[in-house]
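Below is one structure; the comments refer to it alone.
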2 protein chains.
Amino acid sequence: MYKARNNRIIPKVVIERLPRYYRYFQILEGKVDKISSQKLGEIMGSSASQVRLDLSYFGEFGLQGYGYNVKKLKEELANILDIHKERRFIIAGVGNIGRALTRYDAFEGAGFKLMGLFDIKEELIGQSINNVKIYHVSEMGNFIKENKIDIGIISVPRDAANEVAKTMIKSGIKGILNFAPTELDVPEDFPIENIHIIDKALALSFLIKAKEKTK
Amino acid sequence: MYKARNNRIIPKVVIERLPRYYRYFQILEGKVDKISSQKLGEIMGSSASQVRLDLSYFGEFGLQGYGYNVKKLKEELANILDIHKERRFIIAGVGNIGRALTRYDAFEGAGFKLMGLFDIKEELIGQSINNVKIYHVSEMGNFIKENKIDIGIISVPRDAANEVAKTMIKSGIKGILNFAPTELDVPEDFPIENIHIIDKALALSFLIKAKEKTK
DNA sequence: TAGATTGTTAATCGATTAACAATC
DNA sequence: TAGATTGTTAATCGATTAACAATC
């Protein structure tokens, strides 16, 4: 659990919303100087109360009768999300998803730096994608230690995911972004985020079907 | 809102969990014949109560003193998620993410069929990726109508996303899977799912930083 | 000053867990 | 039958919204 000011515990849902606030303040910057919780809520599709309560976990950023200073808030959120710090990451699994993430430039814009790629396919080892070298997974543990890797992206097949995660964690990685279609067995409180693409597509299928039924 | 048996409304959180149940029943099939809510909860990392309540929105699938028949439940979930029906989709935006999704074979395994790709870059038009042709976005509206496209994946840059969504919806698409880093302006109750990769990475950054602080 | 808008507490709403009668 | 386990209702927990004093 993550404590905020006043010893309050920051709910997980609030943490998940933080990057969204950051995105909106990025867009607002340059357009307006200040914004009220009311207006921001309208733009983001949430309530003014939620905006104020969410932000209040991290500080008193507003000013009565004025609202929030856009430039200042964007900077505060950048600090909260550690955007100015370089966070080094690697990708395990150079399949379609892995390759795409290698070339995905938005990572760089958010302060993430790709240091290496890992796979088991012999024919890939030694190659480079976007000037990032592919190594054999057996070298991953040492690589993490030597290069002080912060984050591991897992895009290997489902059955290999847990072993990869285990190696990463044992080697001192600080967090995992998991694209494999399974829940990983990590220690309680180990930082992890899951991106289950097919799950999202299937939930969408359900929504579509359910909507058609009600017609 | 989506009604279930007994006129209960199915909470959105339950819908989002459905694909996860399906995944686990897929894995269990062949391994065991039956499973109790207790055991399933242990494997999935949720409570037995939640398993039973979640499933109860869709039917009485269990048997007292026995549990749930794995093969049967997997089939029920497949039907609930419409997996046996072919759902046709297109991808707007042939950047890194779009390309990766084009080659992502898990879509096919879940019953999704990619029918076309769309972009504005003239040099891409007419090319094919994985035997799927790239068209100009100006042709998208007609393509959707003529080919009865169910789902649109949006992987265009942020500023183009809303216009693409508008065209899709106007042309009768039934649902959108959005990878663009923005919330789309869709009608209330229009089926949509968002996959915000950078948001997830940034939330992970926060978790890592917060954990380090407490040490 | 008057109006606007914050940060926070209280009230409400929704989701999860516990309890248990029903029954295989 | 006895033990196991369901489906559902009630109790609890957590998240969202409403209300408002404080104050720019």
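Fair warning: this is a prediction, and the values are worked out from it, not measured in the lab. In the text below, chain A, chain B and the rest are named by the order of the sequence lines, each starting its count at 1.
- In this structure, the CZ atom of A:Arg52 is 11 Å from the P atom of C:dT8, given to the nearest Å.
- For DNA chain C, the residues of residues 54-78 of chain B within the heavy-atom distance limit of 4.0 Å (strictly under) are B:Leu63, B:Gln64, B:Gly65, sorted by number.
- Side-chain atoms of B:Ser56 and B:Arg8 include a donor-acceptor pair closer than 3.5 Å.
- Paired runs in DNA chain D that reach 3 or more consecutive Watson-Crick or G-U pairs, where each pair keeps both distances under 3.5 Å, cover C:3-24 with D:3-24.
- Rounded to whole Å, the distance from CD on A:Gln50 to P on D:dG14 is 18 Å.
- Side-chain atoms of B:Ser49 lie closest to C:dT17 of the nucleotides C:dT8, C:dA15, C:dT17.
- Residues from residues 33-44 of chain A with heavy atoms under 4.0 angstrom of DNA chain C, sorted by number: A:Ser36, A:Ser37.
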Can you give the donor-acceptor pairs under 3.5 Å from side chains of residues 106-120 of chain B to other protein atoms, not counting sequence neighbours?
unit_1: B:Asp119; atom_1: OD1; unit_2: B:Lys121; atom_2: N; d: 3.1
unit_1: B:Asp119; atom_1: OD2; unit_2: B:Val94; atom_2: N; d: 2.7

Listing, residues 190-197 of chain B side-chain donor-acceptor contacts under 3.5 Å, not counting sequence neighbours, or none:
unit_1: B:Asn194; atom_1: OD1; unit_2: B:Asn178; atom_2: ND2; d: 2.9
unit_1: B:His196; atom_1: ND1; unit_2: B:Ala180; atom_2: O; d: 3.4
unit_1: B:His196; atom_1: NE2; unit_2: B:Glu183; atom_2: OE2; d: 2.9

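- Not counting sequence neighbours, B:Phe179 has no partner by the ring-ring contact (aromatic ring centres under 6.0 Å, His included) test.
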Please set out all donor-acceptor pairs under 3.5 angstrom arising from side-chain atoms of residues 72-83 of chain A, sequence neighbours excluded.
unit_1: A:Lys74; atom_1: NZ; unit_2: A:Glu29; atom_2: OE1; d: 3.2
unit_1: A:Glu75; atom_1: OE2; unit_2: A:His84; atom_2: NE2; d: 2.6
unit_1: A:Asn79; atom_1: ND2; unit_2: A:Glu75; atom_2: O; d: 3.4

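- Shown for residues 21-31 of chain A: no residue has heavy atoms falling under 4.0 angstrom of DNA chain C.
- A salt bridge links B:Asp199 with A:Arg23; the closest basic N to acidic carboxylate O contact falls under 4.0 Å.
- Every ring-ring contact (aromatic ring centres under 6.0 Å, His included) that A:Phe58 has, sequence neighbours left out, goes to B:Phe206.
- Heavy atoms of B:Ser47 sit under 4.0 angstrom from primed sugar atoms or phosphate atoms, though from no base atom.
- Residue pairs meeting the ring-ring contact (aromatic ring centres under 6.0 Å, His included) criterion with at least one member in residues 19-55 of chain A, sequence neighbours excluded, do not occur.
- With sequence neighbours excluded, no residue satisfies salt bridge (charged side-chain N to carboxylate O under 4.0 Å, His left out) with B:Lys209.
- Residue A:Asp54 holds its CG atom at 11.5 Å from CZ of A:Arg52, rounded to the nearest 0.5 Å.
- Sequence neighbours left out, the pairs with a member in residues 146-165 of chain B that pass side-chain hydrogen bond (donor to acceptor under 3.5 Å, both in side chains) are B:Asp150-B:Lys174.
- The backbone N or O of B:Glu86 lies less than 3.5 Å from no partner atom in the side chain of B:Arg88, so there is not a single donor-acceptor pair.
- Rounded to whole angstrom, the span from the CD atom of B:Glu16 across to the P atom of C:dA15 amounts to 12 Å.
- With respect to A:Ser171, the side-chain contact (heavy atoms from CB on, under 4.5 Å) criterion is satisfied by exactly one of A:Ile169, A:Ile173, A:Thr167: A:Thr167.
- Phosphate contact (OP1/OP2 of C:dA15, side-chain N/O of B:Arg8, threshold under 4.0 Å): absent.
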